[in-house]
Enquirer: 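Dumping the structure here so I can ask a few things about it.
Chain letters run A, B, ... following the sequence lines, proteins first, then strands; residues in each count from 1. Every heavy atom of this structure was used, including side-chain atoms; hydrogens, water molecules and symmetry mates were not. All values reported here derive from a predicted model rather than from experimental measurement.
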Amino acid sequence: MDDSLFNESFLTESPPQSLLDNLNASQTAAVTHGKGPLLILAGPGSGKTRVITRRVAWLLQQGIHPSRILAITFTNKAAQEMRHRVEALTPHSQVHISTFHSFGVRLLREFSQRANLERNFGVYDMDDREKLLKLAMEDAGIATSSSNVGSFGNAISKCKNQLVTPEIFCEGVRDYFGQMVAKIYPKYQVRLKNANACDFDDLLYIPALLLQKDKTLREELDNRWHYTLVDEYQDTNKAQYAIARDLNINHPNLCVVGDPDQSIYRFRGSDIRNIMDFERDYPNTKVIKLGENYRSTGNILAVADTLIRKNSERKPKPLITNNHHGKPVTLTIYETGDSEALGVAGKIVETVVGKKWNYRDIAVFVRTNALTRPLEGAFTGSKIPFKIVKGLAYFERKENKDVLAYLRLMVNPRDDIGFLRIVNEPTRKIGKTTLDQLGLFAKEQGLCLMEAARRANLIAGLRPAVVKALMDFARMMDGLNSLVDGSPVDAVRTLLEKSGYKRSLETSGNAEDKQRLENIEEMITAADIFIKNQPTGSVHGFLENVALSSNLDGYDNDSNCVSIMTLHAAKGLEFPVVFMIAMEEGILPSSFALPSGPVETSNSKEIEEERRLAFVGMTRAMNELYLGYCDERSFRGITRATMPSRFIRDLDDANEAMEVIDLTRNNMGFGHAPEPWDLPDLISNKTTPIPIKPKPVPVSLTAADPTRSPNKSPPKVREGSIINHSSYGLGKVIEISGTGVLMKVRIQFKTAGIRAFLLEKVTLEVLAPGTRF
DNA sequence: TGGATAGATTTTTTT
DNA sequence: AATCTATCCA
């Protein structure tokens, strides 16, 4: 239908023939693939988003009705971007584009009855989940003090990701930990049910099970969307796989896009086999490889390729580019974590002052959030504007969570976790003892806490003042109830007044509380923006929006800031200049991935995933890539010697694409961190000893060789000098830069590629000018 | 009941 | 190092 309408839009916005403009042959084939399963293996920087959005536009152009197309991404950011780009190609097309989780929520709302939920169910974040889990553990008679609440949460999460129900899990229990989980998991589900709430995992788990169980529903939904696209397919878990599978049986026009080398979410259940086995699962799959990289320089790709080749569980895939080689990838070795942060800051200042790049062109990637701290300090000191892009929940400040809990309780009075959060916020003299009694009463009577509070007068042994406090609270919340259908902005304003929350902050005299008020104002603004985007939006919609959004989604490149983020958050982004810091054993790869027992293969699944993570980081870089590690790092208050990441050693073969800058004072024996190549080969599964490599660390003049002190002033090194280096042999000085102790010398070695050293610290034998090089 | 303080404990990554 | 928890006192 309405083909003419679309064609008109094409003419005004972008003519239809432009749909295939600027596409290479494989990209065109992917865009114009007709019916049947399609697997697009898209390497980094291969124009994946372009292909997927053009494909949506192409389908529309073919006369497919927009409501027949379903596009699913992993992050809201990706969904927004896709929506935006599809909109530009075909305005007002109204294609259903959403994340897996918001798609799940939608299904659950629409079919809440079949899913045995009330329509107004709430979505619990990690924080809520943990609190509910503690209650469930109490139910199961397991002490919550045992500090492993988190591990039980992870175990349950894992179950749901794999579509393992409590019943199935109980059958297969073996060890002690499993027995504990078997006790807690069912109780936890009951708690969720009673609270009329879902956790994140439920948003996939429940729909997936529902589709399996309810064949009519499955058929109905399969018929609803004739064309499905799934982005980042390598990161799907079993639940997501099942959903995609069940929606594409009658109409197997499923197009999945992904790159097995960029699968980095194993820890949350994603299974690389989903993409590896796609061809097997969907007969007659057309496979298209998008190999050419349009993003990075040749050197960056050479380094990334050298790294990823070390993975054994992969389909070999060359990284090709027509881009120029660009600058060598730089590896910098620092002494401490702080000097590393300062070094990065220094390099950034140098780059920006030299007008080469702007702050916004630069990103620093870290493996863990804790590593951002020294960077913050160094950047603040150097007056570098920066932004830490976090993947955590957006409204994480206490006051915002409190306000949201009020809203949640208004929408869903059975939300016990929300109740517990705010019943005494501001203080209403309702303390722990009271709440314990209230909880007991609620349990006996089978009521939610809100309802129990309403009947507080029936609870034996409660002091009259406390009874009044509880009943007043219930009455106050009842009074707010009429707000749920209105604008979230009004709702927040009113609840702040009526609950006394605002007054308590205003009158506290605490300086922090003033800030809190401002933060709440910020949230009201967010609600306002939400309403402007979705004029029909309710409190309900706002809550959902908040629950499924993350800080990462708010990421924009508008402000001229350096971006600091985790490697996971970096996926899907690109920057002209990228720094990857702390490439050390135990950090990248994370200690969690390291073999904990005696000697294990170095190619364990975990290590391979960490390697992919490093690969993802490197391939975000367009023009310049800086890797770094340091000799010692302080963590949790103690300083320890570090070992360079095995991924650094993986790059030995990429010498010609790299340069190494060593900024350590090399006091050889004492206090110097051992490096993998100094040690027996524990980390590789080779049984033969590896040849000892020369340390890529120049021998210090002073410490290493007392016979030659700087005072003896060896012949001057200058650009063009031919030199001999104790480890790397013959080389030619190609550049001398910097001043004073920071004077650097860059050398093109005959065999070891380009390396740079601090002039102060390197020992170089300057050869006669005429020496043959 | 709630605040202060000392003591314990810790975290990989995220929808 | 920083945050969370348990305990004690007002």
Enquirer: Write down the distance separating the C1' atoms in B:dT12 and C:dT5, rounded off to the nearest Å.
Expert: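 Each nucleotide's C1' atom is 24 Å from the other's.
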Enquirer: Pick base, sugar-phosphate or nothing for A:S590, based on heavy-atom distances below 4.0 Å to the nucleic acid.
Expert: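 If one applies the 4.0 Å heavy-atom cut-off, A:S590 turns out to touch a base.
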Enquirer: Run through A:V230, A:I72, A:L70, A:L254 and flag the one making a side-chain contact (heavy atoms from CB on, under 4.5 Å) with A:L247.
Expert: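 With A:L247 as partner, A:V230, A:I72, A:L70, A:L254 yield a single side-chain contact (heavy atoms from CB on, under 4.5 Å), made by A:L70.
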Enquirer: Nearest heavy-atom pair of A:L307 and A:A614: which atoms, and what distance?
Expert: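 Nearest heavy atoms, A:L307 then A:A614: CD2-CB, 3.7 Å.
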Enquirer: A:H101 has an atom NE2; how far is it from atom C1' of B:dT14, in whole Å?
Expert: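 Distance, rounded to whole Å: 9 Å.
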Enquirer: Expressed as a whole number of angstroms, how long is the span from A:F615:CZ to B:dT13:P?
Expert: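 Whole-Å distance recorded here is 23 Å.
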Enquirer: Counting side-chain heavy atoms from CB outward, which of C:dA2, B:dT14, B:dT11 is closest to A:R373?
Expert: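 Given the options C:dA2, B:dT14, B:dT11, the side chain of A:R373 is closest to C:dA2.
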Enquirer: Base, sugar-phosphate or nothing for A:N424? Non-hydrogen atoms, less than 4.0 Å.
Expert: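 Since only primed, P, OP1 and OP2 atoms lie under 4.0 Å of A:N424, the category is sugar-phosphate.
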Enquirer: Measure NZ/A:K429 against P/B:dG2 and give the value in whole Å, please.
Expert: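 Taking atom P of B:dG2 as the reference, NZ of A:K429 is at 7 Å.
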Enquirer: Can we say A:D128 and A:R408 salt-bridge, meaning some charged N sits less than 4.0 Å from an Asp/Glu carboxylate O?
Expert: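 A:R408 and A:D128: salt-bridged.
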Enquirer: Both A:E609 and A:T427 contact DNA chain B. Taking the nearest nucleotide for each, which residue is further toward the 5' end?
Expert: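 Nearest nucleotide further toward 5': that of A:T427.
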Enquirer: Picking from A:R129, A:R191, A:K160, what satisfies salt bridge (charged side-chain N to carboxylate O under 4.0 Å, His left out) with A:D199?
Expert: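 Answer to the salt bridge (charged side-chain N to carboxylate O under 4.0 Å, His left out) test with A:D199 among A:R129, A:R191, A:K160: A:K160.
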Enquirer: Write down the distance between CE (A:M580) and P (B:dT12), rounded to a whole number of angstrom.
Expert: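 Computing the A:M580:CE to B:dT12:P distance gives 19 Å.
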Enquirer: Roughly how many Å is it from CZ in A:R268 to P in B:dT12, rounded to a whole number?
Expert: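 Between P of B:dT12 and CZ of A:R268: 17 Å.
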Enquirer: Ion pair present between A:R314 and A:D261, side-chain N to carboxylate O less than 4.0 angstrom?
Expert: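 Salt bridge: yes.
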Enquirer: Would you say B:dT15 has OP1 or OP2 under 4.0 Å from some side-chain N or O of A:S102?
Expert: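 Indeed not, no polar side-chain atom of A:S102 lies that close.
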Enquirer: Which one, B:dT14, B:dG2, B:dT12, comes nearest to the side chain of A:F592?
Expert: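 When the side chain of A:F592 is considered, B:dT12 is the closest of B:dT14, B:dG2, B:dT12.
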Enquirer: With centres under 5.5 Å and planes under 30°, do A:F267 and B:dT13 count as stacked?
Expert: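 Yes; centroid distance and tilt both under limits.
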Enquirer: Would you classify A:T434 as touching base, sugar-phosphate or nothing, given that sugar-phosphate means primed atoms plus P, OP1 and OP2, and contacts are heavy atoms under 4.0 Å?
Expert: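 Sugar-phosphate contact only.
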Enquirer: The side chain of A:T75 lies closest to which of these nucleotides: C:dT5, B:dT12, B:dT15?
Expert: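 Comparing C:dT5, B:dT12, B:dT15 against the side chain of A:T75, the answer is B:dT15.
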Enquirer: Check this one for me: any side-chain N or O of A:N369 less than 4.0 Å away from OP1 or OP2 of B:dT14?
Expert: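 Yes, A:N369 has a side-chain N/O under 4.0 Å of OP1/OP2 on B:dT14.
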